[in-house]
Number of protein chains: 2
Amino acid sequence: MTVAEKEYTISELAKEFDITSRSIRHYEDENLISPERRGTHRIYSPRDRVRLQLILRGKRLGFSLAQIREIIDLYDLPEGKQKQTTLLIGLIQERRDALLQQRKDINFMLKELDMLEGKLD
Amino acid sequence: MTVAEKEYTISELAKEFDITSRSIRHYEDENLISPERRGTHRIYSPRDRVRLQLILRGKRLGFSLAQIREIIDLYDLPEGKQKQTTLLIGLIQERRDALLQQRKDINFMLKELDMLEGKLD
DNA sequence: GCGCAAGTTTACGTTTGCGTAAAGGTAAGG
DNA sequence: CCTTACCTTTACGCAAACGTAAACTTGCGC
């Protein structure tokens, strides 16, 4: 039998990730997450929680919610079925290029910060 | 004698960095850059050009213009004079922490992209 | 000295990402 | 049942980062 899956309320997740419930609902409005409903209340699964983490990671990197949705959608491929592989590979490569550029930018800035600190003798 | 410094018009820089003149003027409104004026026209020096590059780098990393201004201001320290070193070191450390977190996020996402691509066999 | 591209200011418009009431529904404890 | 804490939807508000249009001025190029 399957192990009982953990469940979360909206305010639990909000507190855990230090954001507001409003934000989480907003992400749902933007179709970035869609928790189960028990009556009117939202119930979040561990899988939903992971999605939220992905969203916040994207935010920290400066992606828009629309971009984040594109990225997240990559995770929801129908497992075996590859639904336009060439198109997907293109998308993935785009993401990768952006991230590599960001990493370059970060390394550059880190170096600059080192230099600046050096000037503060 | 000093070598003649290169000069740029607003539209030259706009074209070079693939942004609009409007954006550049906006950065000026927000005190991120302040080119020389020759009459009413703006004249950009190589130093201004570097500042613009810093701005765009910050943007690619998702920083707000206000944050970018803070970062840029670090470059304009009165050379020898250290004006509240402890405070500055704190600021620099904050920036560094944020960048290191971002680099972690990036590395995480890159790994995920690799895995996703693996599933597309 | 005229034309025309490129510059200027001023100001209102737009999108994104929530904040912040307002007005109420729901569930568990006493 | 009643309070209390937490949840819900609806909707208007707002700051950031420009877009865009209007209405001018400037300065080559001929």
Side-chain angles (χ1 to χ4, degrees), chain A residues 6-45 48-49 51-73 95 98 102 105, chain B residues 4 6-45 48-49 51-73 95 98 101-102 105:
Chain A
K6 190 153 193 228
E7 295 182 348
Y8 308 87
T9 67
I10 194 168
S11 57
E12 280 171 356
L13 290 184
K15 183 180 290 183
E16 175 175 359
F17 294 115
D18 196 31
I19 56 179
T20 64
S21 297
R22 175 67 175 89
S23 295
I24 299 181
R25 292 196 196 96
H26 181 62
Y27 302 150
E28 185 174 346
D29 288 343
E30 300 289 323
N31 300 313
L32 292 175
I33 192 171
S34 38
E36 178 190 337
R37 292 291 182 129
R38 195 155 301 158
T40 64
H41 288 44
R42 293 169 173 83
I43 305 290
Y44 297 84
S45 71
D48 290 325
R49 187 173 164 280
R51 281 181 84 90
L52 188 52
Q53 283 183 304
L54 290 174
I55 294 170
L56 298 179
R57 212 186 322 272
K59 290 223 67 190
R60 284 198 299 271
L61 293 177
F63 292 118
S64 71
L65 294 186
Q67 290 176 308
I68 292 173
R69 183 175 41 218
E70 281 186 29
I71 297 174
I72 283 186
D73 286 349
R95 283 303 98 212
Q102 282 205 38
D105 289 332
Chain B
K6 192 157 192 227
E7 295 182 348
Y8 308 87
T9 69
I10 194 168
S11 56
E12 279 170 357
L13 289 185
K15 183 180 290 182
E16 174 175 0
F17 294 114
D18 196 30
I19 56 180
T20 64
S21 297
R22 175 67 174 90
S23 295
I24 300 181
R25 291 197 195 96
H26 181 62
Y27 301 148
E28 185 174 347
D29 288 343
E30 299 291 321
N31 299 313
L32 292 175
I33 193 170
S34 37
E36 179 190 337
R37 292 291 181 129
R38 196 155 301 159
T40 64
H41 288 44
R42 294 169 173 83
I43 305 289
Y44 296 84
S45 71
D48 291 324
R49 186 173 164 282
R51 282 182 84 91
L52 188 52
Q53 283 183 304
L54 290 173
I55 295 171
L56 298 179
R57 211 184 327 268
K59 291 226 67 191
R60 284 197 299 270
L61 293 177
F63 292 118
S64 71
L65 294 185
Q67 290 175 308
I68 292 173
R69 183 174 43 217
E70 281 186 30
I71 297 174
I72 284 187
D73 286 349
R95 282 304 98 213
Q101 175 61 48
Q102 281 206 39
D105 288 332

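Everything numeric here is computed off the predicted structure, so don't read it as measured data. In what follows, every chain begins at residue 1, and chains take the letters A, B, ... in the order their sequences are listed.
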K.L.:
How close or far is atom P of D/dG19 from atom CZ of B/R25, stated in whole angstroms?
P.N.:
11 Å

K.L.:
Do the side chains of B/I24 and B/F17 get nearer than 4.5 Å, heavy atoms only?
P.N.:
no

K.L.:
Please check this pair: side chain of A/E12 against backbone of A/T9, looking for a donor-acceptor N/O pair closer than 3.5 Å.
P.N.:
yes

K.L.:
Check this one for me: any side-chain N or O of A/T9 less than 4.0 Å away from OP1 or OP2 of D/dC6?
P.N.:
no

K.L.:
CZ of B/R22 versus P of D/dA22: gap in Å, rounded?
P.N.:
16 Å

K.L.:
Going through the distances and angles, do B/R49 and B/E16 end up as a salt bridge (Lys or Arg N to Asp or Glu O under 4.0 Å)?
P.N.:
CA-CA 10 Å; B/R49 186 173 164 282; B/E16 174 175 0; 2.5 Å; yes

K.L.:
Can you see if the side chain of B/S23 gets near the phosphate of D/dG19 - specifically, an N or O under 4.0 Å from OP1 or OP2?
P.N.:
yes

K.L.:
Rounded to whole Å, please give me the gap between CD1 in A/I10 and C1' in C/dC18.
P.N.:
13 Å

K.L.:
Nearest heavy-atom pair of B/N31 and B/R69: which atoms, and what distance?
P.N.:
O-CD, 3.8 Å

K.L.:
Heavy atom of residues 28-42 of chain A under 4.0 Å from DNA chain C: which residues?
P.N.:
A/H41

K.L.:
Indicate whether OP1 or OP2 belonging to D/dC18 is found under 4.0 Å from a side-chain N or O atom of B/Y27.
P.N.:
yes

K.L.:
What's the CD1-C1' distance between B/I43 and D/dG27, to the nearest Å?
P.N.:
12 Å

K.L.:
Using salt bridge (Lys or Arg N to Asp or Glu O under 4.0 Å) as the criterion, point out the one residue from B/R22, B/R51, B/R37 that pairs with B/E28.
P.N.:
B/R37

K.L.:
Got a second to check how far A/D48's CG is from A/I55's CD1, nearest 0.5 Å?
P.N.:
9.5 Å

K.L.:
Specify the separation, in whole Å, of atom CG of B/D18 and atom P of D/dC18.
P.N.:
13 Å

K.L.:
Can you tell me the distance, in whole Å, between the CD1 atom of B/I24 and the C1' atom of C/dT9?
P.N.:
17 Å

K.L.:
Would you call A/R38 and A/E7 a salt bridge, using N to O less than 4.0 angstrom?
P.N.:
yes

K.L.:
Please tell me if A/K59 has a side-chain N or O lying less than 4.0 Å from either OP1 or OP2 of C/dC18.
P.N.:
yes

K.L.:
Specify the separation, in whole Å, of atom CD of A/E7 and atom P of D/dC7.
P.N.:
14 Å

K.L.:
Using atom NE2 of A/H26 as one end and atom C1' of D/dT8 as the other, report the distance to the nearest whole Å.
P.N.:
18 Å

